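Here the structure is a predicted model, which means the values were calculated and not measured. This chain uses plain numbering: 1 for the first residue, then up along the sequence.
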Amino acid sequence: MTSEQVADRTAVRDGDGSDKEASEGYQRGLGNRQIQMIAIGGAIGTGLFLGAGKAISKAGPSLILAYAIAGLVIFFIMRALGELLMYRPVSGSFSEYAREFLGPFWGYVTGWTYWLFWVVTGITEVTAAATYVQYWNKSIPQWASALVFTVLLYFVNLISVKLFGELEFWFSMVKVTAIIGMILIGLGVIILGFSKAGDTASFTLLWDHDGFFPKGIGGTLMTLQIVMFAFLAVELVGVTAGEAADPKKTLPKAINTVPWRIAVFYLGALIIILSVVPWTEFMPGVSPFVAAFAKIGLPAGAGIVNFVVLTAALSSCNSGMYSTGRMLRDLSLNGQGPKFFGQLSKKGLPFRGTTFSAALMLVGVWINYQWPGDAFNYVVSFATISGMWAWIMILLCQLRYRRMANAGLLPQSEFKAPGAPWTSLFALAFIVMVIVLMGIDEDARISLYCAPIWAAIMWVSYLVLKRRNPQAFARRDYTAAVEEAEAAV
C-alpha cells in the first residue's frame with residue numbers, strides 16, 4: 001500500500017477511470033498561495049489585535065514569554081495534525097480522525113464541538129469588528145455593525161470556494177503587511193529616535209517598570225487563556241484538506257511556517273510595541289497597535305491600524321462561516337447530523353450548513369445589543385475551551401495513530417511530528433494546565449460552567465441518535481476501506 005493510496009483511501013473509480021477523491025464532492029479550488037495565507041492569517045486575529053491589550057495590563061512585558069511558550073505548544077499541535085493529514089487528508093479532519101482512532105462517539109462530539117467553536121468565534125469576531133467601527137463613529141450601535149457584517153460574509157461564502165480563498169488571501173495580506181510595517185516604523189522610532197515617542201522609546205522599557213515580570217509569574221500564567229485564544233484557528237488548514245489542490249505539498253509547507261509566523265507576528269510585534277509604549281499605559285479593550293501609533297504621534301497611522309484589525313476580525317469570521325458548513329456536512333454524511341446538511345450546491349458548497357450557522361451567528365447581534373461592553377469577554381472564554389477541545393483530539397489521535405503505525409497496523413506518515421510522542425504529551429499537559437488556570441480566573445470561569453452543559457447535551461443526543469441509527473455509531477474497518485479502494489482501481 002502506497003502513501004498516496006492511503007491519502008486517498010476513500011477514493012473510488014468510475015468506469016472511465018476518473019477519481020472521486022476524499023474531497024467528497026467538494027471542488028479542490030484552494031491553491032498553494034491561498035493555503036499559505038489562510039494558515040498565516042488564521043493565527044492573526046482579534047486575540048492579538050484586541051485581546052493583547054488586556055493581557056499586557058495583566059502581565060506586562062512577560063507576556064512575550066507567554067506567547068513564546070504557547071507558540072511552541074501550538075507548533076507541536078500543528079505537527080501532530082500534519083502527521084495525520086499526510087496519512088489521510090479529508091474534509092472532516094479532526095472529527096474524522098476522532099472517529100477512526102478514538103471511536104464514533106468521539107468523532108460525533110468533536111464535530112459538533114468544533115462547529116460550536118466556530119459559531120461562537122464568529123460571534124466574537126463580529127463583536128470585535130463592531131467595536132472597531134466605533135473608533136470612527138461612536139454613534140453607530142455595535143449591534144447594527146454586527147448585523148451588516150454577518151449578512152455580508154454570509155453571501156461571500158455562497159459564491160465559490162476559490163473566491164473564499166482569494167478573499168482570505170487578501171485579508172491576510174493586509175494583516176501581514178500592516179504588522180511588518182508597524183515593526184519597521186517602531187524600529188525606526190527606537191533606533192533613530194524620530195517622532196515624539198523617540199525620546200522615550202527603548203528596548204529597556206521591557207524591564208524598566210518593575211522588571212520583566214511586574215505582576216510576578218502568577219500574573220503571566222493567568223494570561224495564558226488570552227494567549228491561547230489568540231492562536232485559535234491555526235488548525236483551520238486541516239479543514240481545507242478536502243479542498244486543497246495539492247494537499248500533500250501545500251499543507252506541510254503551511255504547517256512549517258508556524259514558528260516564523262509566531263516569531264514575527266507575535267513576539268516581534270509585541271517586543272516593538274512594548275519598547276515604544278510602556279506597558280503601564282495599556283488598558284483592557286484598547287488595541288495595543290492603535291495605542292502604539294497614537295504614542296508615536298501618527299493619528300492617521302492609528303486609523304489605518306484600526307482598519308487592519310477590522311479586516312482581521314472579518315477574516316476570522318469569514319473563516320468561521322467556511323468551516324461550520326463543512327463540519328455540518330461531515331456530520332451529516334456520517335449519519336451523526338441531520339441529512340438536510342449533506343447536500344452541496346451546484347458550485348460544490350455546503351450552503352445549507354453555512355446558512356444555518358450564519359443564522360446562529362446573528363445571536364451575536366443580540367449579545368451586542370444586550371451587553372455591548374461585556375460581549376467580547378463572554379464569548380472569548382467559551383470559544384477558548386471549545387477550541388482547545390479540537391487540539392486535545394488532534395493530539396490524542398496522533399498518539400494513537402503513531403502507536404498503530406509503529407506496530408505495522410497502519411502505514412507511516414510522510415510528515416512525522418518531531419519528538420513525538422513526548423512533544424504531544426507535553427502539549428496535552430500544557431492545555432490541561434491552561435484549563436485549570438481558567439478555573440482560577442474569574443473572568444474565564446464562565447466557559448468551564450458552560451462545558452458540562454454542552455457535554456450533557458452531547459451525551460443525551462448521542463444516546464437518542466444511537467437508538468435511532470446504530471450504524472452511525474458503529475466502528476468502521478478503515479483497513480478494509482483502503483483495500484476496497486485499491487481493488488476498485
Side-chain angles (χ1 to χ4, degrees), residues 8 10-11 19-31 34-35 38 42 85 88-99 107-123 125-126 150-168 233 235-245 247 251 314-363 386 390 465 469 472:
D8 292 328
T10 58
D19 288 321
K20 291 182 179 178
E21 298 182 88
S23 56
E24 299 172 310
Y26 293 117
Q27 297 178 2
R28 291 195 178 273
L30 297 176
Q34 294 167 328
I35 293 291
I38 287 173
L85 288 172
R88 188 162 67 94
V90 290
S91 59
S93 195
F94 334 115
S95 183
E96 274 290 300
Y97 300 137
R99 287 190 194 98
Y108 170 73
V109 173
T110 301
W112 280 108
T113 300
Y114 196 66
W115 166 81
L116 177 67
F117 158 68
W118 272 116
V119 170
V120 175
T121 299
I123 295 173
E125 303 298 4
V126 166
T150 303
V151 173
L152 178 63
L153 293 176
Y154 164 68
F155 284 109
V156 166
N157 273 269
L158 293 185
I159 298 176
S160 72
V161 67
K162 187 174 183 179
L163 182 59
F164 159 80
E166 197 65 23
L167 184 63
E168 281 302 297
E235 74 289 335
L236 183 64
V237 292
V239 181
T240 67
E243 293 170 280
L251 297 180
L314 295 179
S315 171
S316 187
C317 184
N318 191 37
S319 296
M321 288 198 182
Y322 167 85
S323 58
T324 50
R326 274 76 184 166
M327 199 56 64
L328 284 179
R329 183 168 186 260
D330 173 73
L331 289 163
S332 174
L333 294 178
N334 283 278
Q336 297 182 347
K339 293 182 179 179
F340 176 80
F341 297 129
Q343 184 176 342
L344 291 176
S345 69
K346 293 181 180 179
K347 297 179 180 179
L349 302 171
F351 69 101
R352 291 180 176 180
T354 301
T355 300
F356 177 71
S357 300
L360 289 183
M361 287 181 190
L362 288 176
V363 173
S386 57
L465 291 175
N469 185 11

Which pair of non-hydrogen atoms, one from Ser95 and one from Gly107, has the smallest distance, and what is that distance?
OG-O, 2.8 Å
Partner set under ring pair (Phe, Tyr, Trp, His ring centres under 6.0 Å) for Phe351, not counting sequence neighbours
none
Applying side chain to side chain donor-acceptor pair (under 3.5 Å) to Ser357 and not counting sequence neighbours gives Trp115, Thr324
How many angstroms lie between atom CD of Gln343 and atom CG of Leu349, to the nearest 0.5 angstrom?
12.0 Å
Return the minimal non-hydrogen interatomic distance between Gly111 and Leu331, and the atom names on each side.
C-CD1, 3.8 Å
Can you tell me how far apart OG1 (Thr121) and CG (Leu116) are? Round to the nearest 0.5 Å.
9.0 Å
Closest approach of Trp118 and Ser316, non-hydrogen atoms and distance?
CZ3-O, 3.4 Å
Would you say the ring centroid of Tyr97 lies under 6.0 angstrom from that of Phe94?
no
What closest approach, in Å, do Ser332 and Pro338 show between heavy atoms, and which atom pair accounts for it?
OG-O, 2.9 Å
I'd like to check the side chain to side chain donor-acceptor pair (under 3.5 Å) partners of Thr113; sequence neighbours left out, ordered by chain and number.
Trp454
By side-chain contact (heavy atoms from CB on, under 4.5 Å) - contacts of Leu152 (at least two apart)
none
OG1 (Thr355) and CG (Leu360) are apart, to the nearest 0.5 Å, by 11.0 Å
Kindly give the heavy-atom pair with the smallest separation between Cys317 and Val126, and that separation in Å.
SG-CG2, 3.6 Å
Side-chain heavy atoms of Asn334 within contact of Glu96, under 4.5 Å
yes
What one should report as the nearest heavy-atom pair of Met361 and Ile123 is O-CG1, 3.8 Å
Contacts of Gln336 that satisfy side chain to side chain donor-acceptor pair (under 3.5 Å) - sequence neighbours left out
Arg99
Side chain to side chain donor-acceptor pair (under 3.5 Å) with Asn318: which residues, sequence neighbours excluded?
Asn157, Glu168
